[in-house]
Amino acid sequence: MPNVQQSRAQQSRAQQFFAATLTATCLCFPAFSLTQGTLEAQDRTGATSRLSGAPASARSSIKDSEQATPSESGPAIVALVNGQKIVLQDLANLCVLRHGEEVLENMVNRYLILQACQERKIEIKQKDVDDEIARIASKFNLSVQMYLKLLENERDIRPEYYASDIVWPMLALRELSKDMLKVSPQDIDRAFQSEFGPKVQVRMIATKDSAKLQQVHQQATANPELFKTLAREHSEDPASASVEGLLPPIRMNTGEDELERIAFALQPGQVSEIFKVGDLNVTLQCVRHMPPANPPAAQLAEIQGRIKSELEEQKLRESAETIYTELRNRSQIVTVLGQSQLQQQYPGIAAVINGQSVTMEILEKECVKRFGNKILEGEINRKLVEDALTKSGQAVTQAEVDQEIRNTALFYGYINADGTPDVQRWVADVLSDKGKTIEMYVRDAVWPTVALKKLCADQVQITEEDVRMAFEANFGQRAEILAIVMSNQRTAQEVWEMARGRNTEQFFGELANQYSVEPSSRANFGKVPPLRKHGGQASLEKAAFGLKPGEMSGIIEVGGQYVILRSQGFTDPVVQDINAVKEDLVKEIREKKLAKQMDSMMAKLSADAQITNILNPKKSRVGNAEMQASLDELKKSEVKR
């Protein structure tokens, strides 16, 4: 269903900061020295070993690079790519250019939290941080060491970084707002009813054009049996339209009072009046009312405790904006970064917070710490592509860059009334992210795409079979199916036996609601979006298109899960004549094949290269001897920043 909250105003940047802190998004939070004239980042030496016993290689990228080429302010060179150097200062400049504003704002926000803690004599000790990490790890049934390793491997969050940059701010914020976090028995009861109380499942038709919906609504009220067909053909909410308007069951106390009131008042088969949800006009049809799911009495205390914790976290997120606004209102903050006049007044300063200065040097270090690995990898790839272009005797021209921007605008549907690409609107949308410039867009996205296309263009071939398969995938018939997805074969066999013994669509849907582990099919009583050919699910496609309406498949193993399908028939092809769409299909196929070839080319360039990555040695592509030789060369060539 349409997300009503998306139609409301976007979160403020402050809310985004606090939300990110609470959901363990990567943040930088140095330990600031408040007794100096500047904010100095203090080293938290040993934090990793205190927290998890992780090896020294898990420490921050800045510390890693300092160990490789020791100097007072870090290495002069951060990588060698086929003998070409990438200098730390250049990397820092790129990090600040792309992310300086974001990092600086987070630094300011966290400083305000730290200042508030000092004023209220709130102290978050190392043991508090360790205990919180252990508590979070236990929620996932993981040891602390395994949890921190997972964060590092999957999200590139190092242990000491997680402790000081994420967990500490979360605990500090919790202490600052603890008076706002009281949860009443009524709060718990409302949340309990929302989770375990009665639900109602409905179908929905949603359109922006109210006149159009009035016409559709008249047909639906005159013949309610047509509602699911009308939803599929006319609803402008793609997710529900693909399953004939079905929505996941609507719960009580979700905050959408009007929607709940209308949905729960309907009787099965009844069609509602038209009402507004955000910018959409909506009508509902009741499918079924679902009784409460009363949990065992023995589990009530545990469930209520969990709900209480979840409500406290929710209140913490809500109170964050209040705290932030209060701190901002009584603080004096001068943001110098990006302001040319202020930069002349405050040379070498990024911001001034209540008289304390954040220097550009500290901001650069924080930006490299937070984004250096990612941006350095991009710069290494750029060096590889530049080298390959030079060796092939080719170069990227401005005309080619301009044409690529036009092509991209067309590809994403930015088209003028006369059919030409609406480049101006496309570029405006691309640059809508604060701080992004056309130069950055061209350097990071357009130039690499053009360069790789020039290197790969002659290697792409399109066959008639490619066109046929693309036509079937995009315009051919779809298999209308119900599905039950299970996580183990034994359960699948038991469910298959039950479904075979009572082979009706309604019973199959009830089994899906009870046994399916896939949320959409479970919530929608087995109904899933129509399956197309050549969509990348070969075993499911073969089974679905091999069934006759009303037939049930055997058990299909897909990626470690077990699926049972029931056919509801097939849709009619959208287009009959392949020649009517062949030109567009060829363009689409070429782009997809070219993209795949570009990935292969990039992988080959990287595999064949000699790369010494000082920030992230795991990304280096040289032997140990070559690595040591590169490091020795870097030490000899070291230049003070």
Side-chain angles (χ1 to χ4, degrees), residues 26 28 60-66 68-69 71 73-103 156 360-361 363-392 394-396 401 404 430 433 435-456 598-622 626-627 630-631 633-634 637-639 641:
C26 250
C28 307
S60 73
S61 57
I62 289 291
K63 296 301 293 180
D64 281 338
S65 55
E66 286 172 351
T69 57
S71 76
S73 57
I77 299 171
V78 289
L80 278 175
V81 184
N82 291 332
Q84 300 180 66
K85 298 172 184 176
I86 298 178
V87 180
L88 175 60
Q89 187 59 60
D90 292 341
L91 177 65
N93 293 341
L94 289 171
C95 290
V96 172
L97 179 65
R98 288 162 176 74
H99 303 288
E101 185 176 335
E102 170 191 348
V103 172
D156 197 26
M360 284 299 302
E361 181 180 3
L363 178 61
E364 288 171 1
K365 285 185 177 181
E366 287 299 305
C367 287
V368 171
K369 204 186 229 182
R370 173 66 178 89
F371 298 103
N373 279 336
K374 179 180 177 181
I375 291 181
L376 179 58
E377 191 169 347
E379 288 305 297
I380 289 172
N381 289 340
R382 186 182 182 89
K383 290 282 188 187
L384 295 174
V385 174
E386 288 175 343
D387 190 39
L389 275 179
T390 300
K391 289 179 179 178
S392 68
Q394 300 184 82
V396 174
V401 168
E404 179 63 25
V430 169
D433 289 343
K436 183 170 282 190
T437 66
I438 185 65
E439 291 78 16
M440 289 167 55
Y441 168 54
V442 169
R443 191 180 197 281
D444 294 347
V446 183
W447 187 92
T449 300
V450 174
L452 282 169
K453 281 183 176 180
K454 289 175 76 73
L455 293 171
C456 302
M598 287 160 62
D599 289 341
S600 298
M601 172 65 72
M602 196 67 248
K604 185 178 187 307
L605 292 176
S606 182
D608 293 344
Q610 292 288 305
I611 301 171
T612 303
N613 187 325
I614 306 301
L615 286 191
N616 191 353
K618 293 178 182 178
K619 296 284 188 177
S620 295
R621 298 188 183 276
V622 293
E626 291 89 347
M627 179 74 168
S630 296
L631 294 179
E633 180 182 345
L634 291 180
S637 65
E638 187 176 285
V639 178
R641 288 177 60 199

Check: Closest approach of Ser620 and Asn613, non-hydrogen atoms and distance?
Finding: OG-N, 2.8 Å

Margin query: Walk me through whether Arg370 and His99 qualify under side-chain contact (heavy atoms from CB on, under 4.5 Å).
Written below: CA-CA 9 Å; Arg370 173 66 178 89; His99 303 288; over 6 Å; no

Notebook entry, point to check: Does some side-chain heavy atom of Leu384 sit less than 4.5 Å from a side-chain heavy atom of Ser606?
Noted result: yes

Check: Where do Val430 and Lys436 come nearest, in terms of heavy atoms and distance?
Finding: O-CD, 3.3 Å

Checklist line | Qualifying residues under salt bridge (Lys or Arg N to Asp or Glu O under 4.0 Å), relative to Asp444, sequence neighbours excluded | finding: Arg98

Checklist line | All side-chain hydrogen bond (donor to acceptor under 3.5 Å, both in side chains) counterparts of Ser392, not counting sequence neighbours | finding: Gln394

Next item on the list: Might you point out which heavy atoms bring Cys367 and Cys95 nearest each other, and give the distance in Å?
Entry: CB-CB, 3.7 Å

Check: Are Val450 and Trp447 side-chain neighbours, meaning at least one heavy-atom pair lies under 4.5 Å?
Finding: no

Item checked: Test side-chain hydrogen bond (donor to acceptor under 3.5 Å, both in side chains) applied to Lys604 - qualifying residues, sequence neighbours left out -> Asp608

Next item on the list: Can you sort out the partners of Lys453 under salt bridge (Lys or Arg N to Asp or Glu O under 4.0 Å), two or more places apart, ordered by chain and number?
Entry: Glu404, Glu591

Next item on the list: Check side-chain hydrogen bond (donor to acceptor under 3.5 Å, both in side chains) between Glu379 and all other residues, then give those that pass, not counting sequence neighbours.
Entry: Arg443

Check: Which heavy atom in Met601 sits nearest to a heavy atom in Leu455, and how many Å separate them?
Finding: CE-O, 3.7 Å

Item checked: Sidechain N-carboxylate O distance under 4.0 Å for Lys391, Asp387 -> yes

Notebook entry, point to check: Is there side-chain contact between Ile614 and Ile77, with heavy atoms separated by less than 4.5 Å?
Noted result: no

Margin query: Applying side-chain hydrogen bond (donor to acceptor under 3.5 Å, both in side chains), can you list everything that pairs with Asn82, at least two apart in sequence or on another chain?
Written below: none

Item checked: Nearest heavy atoms of Ala79 and Ile380, plus distance in Å -> CB-CD1, 4.2 Å

Note to self: Taking atom NZ as the centre, does Lys454 end up with more than 12 heavy-atom neighbours from other residues, nucleotides or ligands that are less than 6.0 angstrom away?
What the structure shows: yes

